[in-house]
S.K.: 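Handing you this structure, nothing more for now.
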Amino acid sequence: MEAQHQNTDQITITLPDGARRTYNAGVTGLEIAQSIAPSLAKAAIAVRVNDQQRDLSDPINEDSSLSIIKTDSDEGLEIMRHTVAAQILARAVKNLYPNAKLAIGPTIENGFYYDIEFKDPLSTDDLEKIEAEMRRIKETGASILKSLNTKADTLKAFEERAEPYKMDIVQRAEQNDNFQLYTQGGSIEEGGFIDLCRGPHLPSLKHVGAFKLLKVAGAYWRGDSSNQMLTRIYGTAWRTDKELENYLHQLEEAEKRDHRKLGAEMDLYHFQPEAQGSVFWHPKGFTIYNQMEAYIRRRLNNSGYREVKTPQLIDNKLWEASGHWGKYRENMFVVPDEIPSTDEDGPVVSDKAFEKLMALKPMNCPAHVQIFNQGIKSYRDLPIRMAEFGCCHRNEAHGALHGLMRVRQMTQDDAHIFCTESQITSESVAFCDLVKKVYADLGFNDVRVVLALRPEARAGSDEIWDKAENGLRQALIEAGLEFTEAEGEGAFYGPKIEYHIRDAIGRSWQCGTLQLDFVLPERLDASYIGEDGDRHRPVMLHRAILGSLERFIGIMIENTSGRLPLWLSPVQCVVATITGKADPYAGEVCNALKAAGIRAELDIRNEKINYKVREHSHAKVPVLFVVGAREAEEKTVAIRRLGSQDQNVESLEKAIESLANECKPPY
RNA sequence: GCUGCUGUAGCUCAGUGGUAGAGCGCGUCAUUGGUAAUGACGAGGUCGAGAGUUCAAUUCUCUCCAGCAGCACCA
C-alpha cells in the first residue's frame with residue numbers, strides 16, 4: 001500500500017490535463033496558477049479543489065486535484081455575480097444608506113439579488129443612484145481579503161456594524177470557528193466593509209464585468225411569511241457590456257411573448273375585475289381550448305380511461321370526510337345552502353350561523369371516489385381509470401393570480417386510477433409513456449422528471465410510504481425515464497412524480513403529475529372484493545398531464561410566441577382578396593375550406609393586399625390564401641405562410657387537400 | 001395575503017392646480033390595388049372609485065379597488 005503524504009511538506013497537485021506537480025503544503029491556488037503561467041494567474045478568480053470551489057488565497061494542505069476557475073466558465077460567471085451582489089451592491093447600499101440592514105445575497109439564474117431591510121421604502125428610481133455608487137466601487141478595483149474568524153469575533157464584528165440578520169445567521173450556525181468574512185476597503189478592525197459568505201469571491205473587483213440592477217420587490221426574511229418583509233434588489237451581471245445587452249434584449253423578447261399581451265392582441269380571452277382570476281374565453285381562444293380538450297380526450301379514450309362529470313357544488317360533509325375541510329379549506333369557496341333573503345334592506349343572505357354549507361369543488365378526487373363507491377367492485381374491475389375535465393375553483397391569494405397561469409377557476413385534465421397495490425407499477429409506467437407522447441405531440445421535448453418524497457407532515461405509516469415511494473421509483477426506472485428525487489416535496493397523502501417541461505426560452509413549468517394516494521380511499525371508505533373474497537382498499541393514483549387547460553394554453557402561447565401549431569390555430573386560413581372582382585371566387589374558396597373542415601375566414605374588405613397581409617401576419621394567421629383576378633380565372637390560390645415572404649400558386653383543389661392534411665391534430 | 005410600483009380614448013402612451021392630447025384602431029367617403037400600413041374627413045374620455053385640502057382637483061393628500069413585479073402559496 002502506498003504511503004500517504006501525511007504531515008510532510010510536499011503535496012502533489014493533479015491538474016485537469018492529468019499533469020502532476022509538487023508544491024509545498026500550504027500553497028495557494030494563486031501560487032499554483034502563477035507557477036503554471038503568469039497570464040493564468042492574472043485571469044484566475046478561484047480554484048476548484050477536489051471538486052470544491054475555493055478562494056485563490058486558500059492554502060492547500062494535501063494532495064488534491066485542482067482546476068483554475070476563470071470568468072469564462074459558467075461557475076466563474078456565477079462567482080463574479082456573487083461578488084457583485086455581496087461586495088459591490090451590499091457595499092454601495094451601506095455607503096448610501098448606513099442604516100440599512102443586510103440579510104442575504106445569493107446568485108440566481110442570470111443574476112443575483114440581495115435582501116436588505118431599509119428604513120424607508122426603496123423605489124425603482126433609487127436603483128440608478130445605487131448603481132452609480134456600485135460603478136464607483138467597481139472602479140476602485142479593490143482587493144477582497146478573506147479571513148477566518150471565531151463565532152465570537154464574527155458576532156462582534158456584525159454587532160459593531162449593527163447587522164442583526166447577519167448575527168442571526170451566525171448565531172444559528174452550528175460551527176464555532178471558521179466563519180469566512182470577506183473584507184474590502186480596510187480590515188475588520190479598521191471598520192472596512194465586511195460580508196459573511198461561504199465564498200468563494202473574486203480576488204479583486206478588477207474582474208467584475210458589466211452589471212445592472214433590474215427591480216425591487218419584497219421578500220420575507222428566511223422565506224417565511226410570518227417573518228418581516230425585506231426589500232429585495234434584483235440585478236444581473238455579465239462578463240461584457242455586449243453580453244449584458246444581449247441579456248436585456250432577451251428579457252424584452254420574453255415580454256413580447258407574454259400570453260396576457262398576446263391573448264389580448266389575438267383576441268383569445270380577457271379578464272376583468274368582477275371575475276378576478278377567471279377567464280372570459282373569446283371565440284378564438286375557446287377554439288384553442290376545445291381543440292386541446294378534444295386531443296386529450298382522444299388520448300385518454302384510447303388509453304383505457306372512461307370520462308365522467310361530477311358536481312360543482314358539494315356539501316361540506318363530503319369535504320370533511322375527504323379531509324379537504326381540514327387541510328384545504330382556506331382555498332375553497334364556501335357557499336351557504338340557503339335561499340337568500342329578498343328584504344330590500346336586509347343582507348342578501350342572513351348572517352346567522354348557516355345550517356348547511358356547500359363548497360365549490362377545488363379538486364375532483366372525492367367526487368370520483370363517490371362514483372367508484374356506487375355498487376360493489378371486484379378485483380376483476382380494476383384498474384378503473386376515471387377521467388374528468390373537471391372544472392375546479394380555488395380561492396387563490398390575490399397576489400398569486402397571473403393571467404392564465406394562475407387562475408381561480410380552472411379545468412384539469414384530471415383522472416384517478418383505482419387499482420390494487422400490485423398494479424401501481426404497471427399503471428405508472430403506462431402513464432409515464434402517455435405523458436411522454438402527449439408532450440412530444442405538443443412540442444415539448446425537454447421534460448424533467450422529479451420524484452417527490454415524503455414530507456414531514458404526512459398521513460400513513462412509514463411502511464406504506466416505503467411501498468409507495470418504491471412503487472413510483474420502480475415505475476420511473478421501468479419507463480426508462482431519468483429523474484431526480486426531492487426529499488420532503490411529496491403531498492401529505494402520498495409521494496408524487498412531477499413532470500416539468502422546458503419552454504422555448506428556457507423556463508420550466510410543472511404540468512403533469514402522478515400522485516399515489518393511500519389515504520383518500522381509506523377516508524371515503526372505498527373498497528373492492530379481492531380474489532380471497534375479502535374487502536380491500538384500492539390504491540388511488542391522481543394524475544394529470546397538462547395540469548390545467550388554462551395554464552397549459554398559456555404555456556403553449558408563450559412557447560410558440562402565439563404562432564400555435566396549425567391544428568390549434570383559431571383561424572387556420574384567411575382568404576384575402578386583392579380586388580373586389582375576386583370576391584365571389586374568394587367566397588367559394590372559403591366555403592370549400594370550411595367544407596374540408598378547415599377553420600377559414602374571408603377577408604373581402606376594401607383594403608389593399610399589403611394591408612391585409614400585414615394585419616393577418618400580426619394576428620398570427622398561419623396560412624393566407626390570396627386571390628385576385630388571375631386566381632379567380634385559373635381556379636388557383638396564392639399561398640403565403642406566416643413567417644415567410646414566399647408565395648406558392650397552387651390549384652384550389654390541391655391546396656385544400658394538402659392544407660386539410662396539415663391541419664390534422666397530432667393524434 | 002405581504003412589500004413596492006402603476007391606473008388618462010378600444011390599444012400604446014404624452015400632459016396640466018383653471019374639467020385634455022398624439023399614434024394606432026374604429027366610422028364615413030373616395031380609391032380596385034399583386035403580398036407587412038392608400039388618402040381625406042369624423043366620432044370616441046365624469047382622466048380607476050370615494051372622501052379631504054382649495055375659489056377651483058384629472059393634477060396635491062388619504063382610503064378603497066384593480067393591474068404589474070417579486071415574496072409566500074401553487075396546477
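Side chains included, hydrogens not; waters and symmetry mates left out as well; all remaining heavy atoms used. Residue numbering restarts at 1 for every chain, and letters A, B, ... go by the order of the sequence lines. Here the structure is a predicted model, which means the values were calculated and not measured.
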S.K.: Using a strict 4.0 Å threshold on nitrogen-to-oxygen distance, state whether Asp441(A) and Arg299(A) make a salt bridge.
M.R.: yes
S.K.: Could you go through Tyr97(A) and Phe118(A), starting from their C-alpha distance and side-chain angles, then the distance that decides it, and tell me whether this counts as ring-ring contact (aromatic ring centres under 6.0 Å, His included)?
M.R.: CA-CA 8 Å; Tyr97(A) 308 88; Phe118(A) 286 92; 5.2 Å; yes
S.K.: In whole angstrom, give me the gap between the P atoms of U63(B) and U6(B).
M.R.: 15 Å
S.K.: Could you measure between the two C1' atoms, the one in A51(B) and the one in C24(B), and give it in whole Å?
M.R.: 37 Å
S.K.: Where the side chain of His618(A) is defined as all heavy atoms beyond and including C-beta, which of U32(B), U35(B), A36(B) is the nearest nucleotide?
M.R.: A36(B)
S.K.: C1' atom, A36(B) versus C71(B): distance in rounded Å?
M.R.: 43 Å
S.K.: Using both distances under 3.5 Å as the test, list the Watson-Crick or G-U wobble partner of G21(B), or none.
M.R.: C13(B)
S.K.: Write down the distance separating the P atoms in G7(B) and C13(B), rounded off to the nearest Å.
M.R.: 10 Å
S.K.: Is it true that Glu615(A) and Arg605(A) have a side-chain N and a carboxylate O under 4.0 angstrom from each other?
M.R.: yes
S.K.: If you look at every strand shown and take non-hydrogen atoms under 4.0 Å, does Ala638(A) touch a base, only sugar-phosphate, or nothing?
M.R.: base
S.K.: Is there a Watson-Crick or G-U wobble partner for U58(B) with both distances under 3.5 Å, and if so, which one is it?
M.R.: none
S.K.: Who is the Watson-Crick or G-U wobble partner of G44(B), with both distances under 3.5 Å?
M.R.: none
S.K.: Between G23(B) and U19(B), how many Å separate the two C1' atoms, rounded to a whole number?
M.R.: 24 Å
S.K.: Counting only Watson-Crick or G-U wobble pairs whose two distances fall under 3.5 Å, which nucleotide matches A66(B)?
M.R.: U6(B)
S.K.: Return the value, rounded to whole Å, for the distance between atom CG of Asn610(A) and atom C1' of G39(B).
M.R.: 15 Å
S.K.: When you measure from the centre of the six-membered ring of Tyr234(A), is the NZ or CZ of Lys215(A) closer than 6.0 Å and no more than 45° off the axis?
M.R.: yes
S.K.: I need the CD1-C1' distance between Ile609(A) and G34(B), as an integer number of Å.
M.R.: 7 Å
S.K.: Expressed in whole Å, how much space separates the P atoms belonging to U16(B) and C29(B)?
M.R.: 40 Å
S.K.: Between atom CG in Leu213(A) and atom P in C5(B), what is the gap in whole Å?
M.R.: 17 Å
S.K.: Scan Ala576(A) against the nucleic acid and name what it touches under 4.0 Å (heavy atoms): base, sugar-phosphate only, or nothing.
M.R.: nothing
S.K.: Angle class for the His402(A)/His259(A) ring planes (parallel below 30°, perpendicular above 60°, tilted otherwise)?
M.R.: tilted
S.K.: Using purine N1 to pyrimidine N3 plus N6-O4 or O6-N4 for Watson-Crick, or N1-O2 and O6-N3 for G-U wobble, each under 3.5 Å, what pairs with U38(B)?
M.R.: A30(B)
S.K.: Between Lys496(A) and Glu489(A), does at least one N-O distance fall below 4.0 Å, as a salt bridge requires?
M.R.: no
S.K.: Classify the ring geometry of Tyr247(A) against Trp238(A): parallel below 30°, tilted from 30° to 60°, perpendicular beyond 60°.
M.R.: tilted
S.K.: Anti or syn, where syn is a glycosidic angle within 90° of 0; which label fits G44(B)?
M.R.: syn
S.K.: For nucleotides 69-75 of chain B, read 5' to 3', which letter fits each nucleotide if B means a protein heavy atom sits under 4.0 Å from the base, S means only the sugar-phosphate is that close, and - means neither?
M.R.: SBBBBBB
S.K.: Roughly, in whole Å, what's the span from NZ in Lys261(A) to C1' in C68(B)?
M.R.: 13 Å
S.K.: Using the P atom in both, what is the distance from U32(B) to U12(B), to the nearest Å?
M.R.: 36 Å
S.K.: Which residue lies toward the 5' end of RNA chain B, Thr577(A) or Thr231(A), if each is placed at its nearest nucleotide?
M.R.: Thr231(A)
S.K.: Can you tell me the distance, in whole Å, between the CD atom of Glu615(A) and the P atom of C24(B)?
M.R.: 14 Å
S.K.: U54(B) and C64(B): how far apart are their C1' atoms, nearest whole angstrom?
M.R.: 23 Å
S.K.: Reckon Gln645(A) touches a base, only the sugar-phosphate, or nothing at all at heavy-atom distances under 4.0 Å?
M.R.: sugar-phosphate
S.K.: Evaluate the ring planes of Phe271(A) and Tyr269(A), with Trp represented by its six-membered ring, and classify them as parallel (under 30°), tilted (30 to 60°) or perpendicular (over 60°).
M.R.: perpendicular
S.K.: Between G33(B) atom P and Glu631(A) atom CD, what is the distance in whole Å?
M.R.: 14 Å
S.K.: For Lys612(A) and U32(B), what is the distance between atoms NZ and P respectively, to the nearest whole Å?
M.R.: 14 Å
S.K.: Find the distance Glu607(A):CD to A36(B):C1' and express it as a whole number of Å.
M.R.: 14 Å
S.K.: Sequence neighbours excluded, which residues qualify as side chain to side chain contact (heavy atoms under 4.5 Å, CB included) partners of Ser303(A)?
M.R.: Tyr305(A), Leu434(A)
S.K.: Using 30° and 60° as the class limits, which term best fits the ring planes of Phe286(A) and Trp281(A): parallel, tilted or perpendicular?
M.R.: tilted
S.K.: Look for any protein N or O under 3.5 Å of an N or O in nucleotides 7-11 of chain B and output each such pair with its distance, or none.
M.R.:
none

S.K.: Do the side chains of Glu427(A) and Arg385(A) get close enough for a salt bridge, i.e. N-O under 4.0 angstrom?
M.R.: yes
S.K.: Can you figure out which of G34(B), U32(B), A66(B) approaches the side chain of Gln276(A) most closely?
M.R.: A66(B)
S.K.: Considering only NZ, NE, NH1 and NH2 on the basic side and carboxylate oxygens on the acidic side, decide whether Arg257(A) and Glu253(A) come within less than 4.0 Å.
M.R.: no
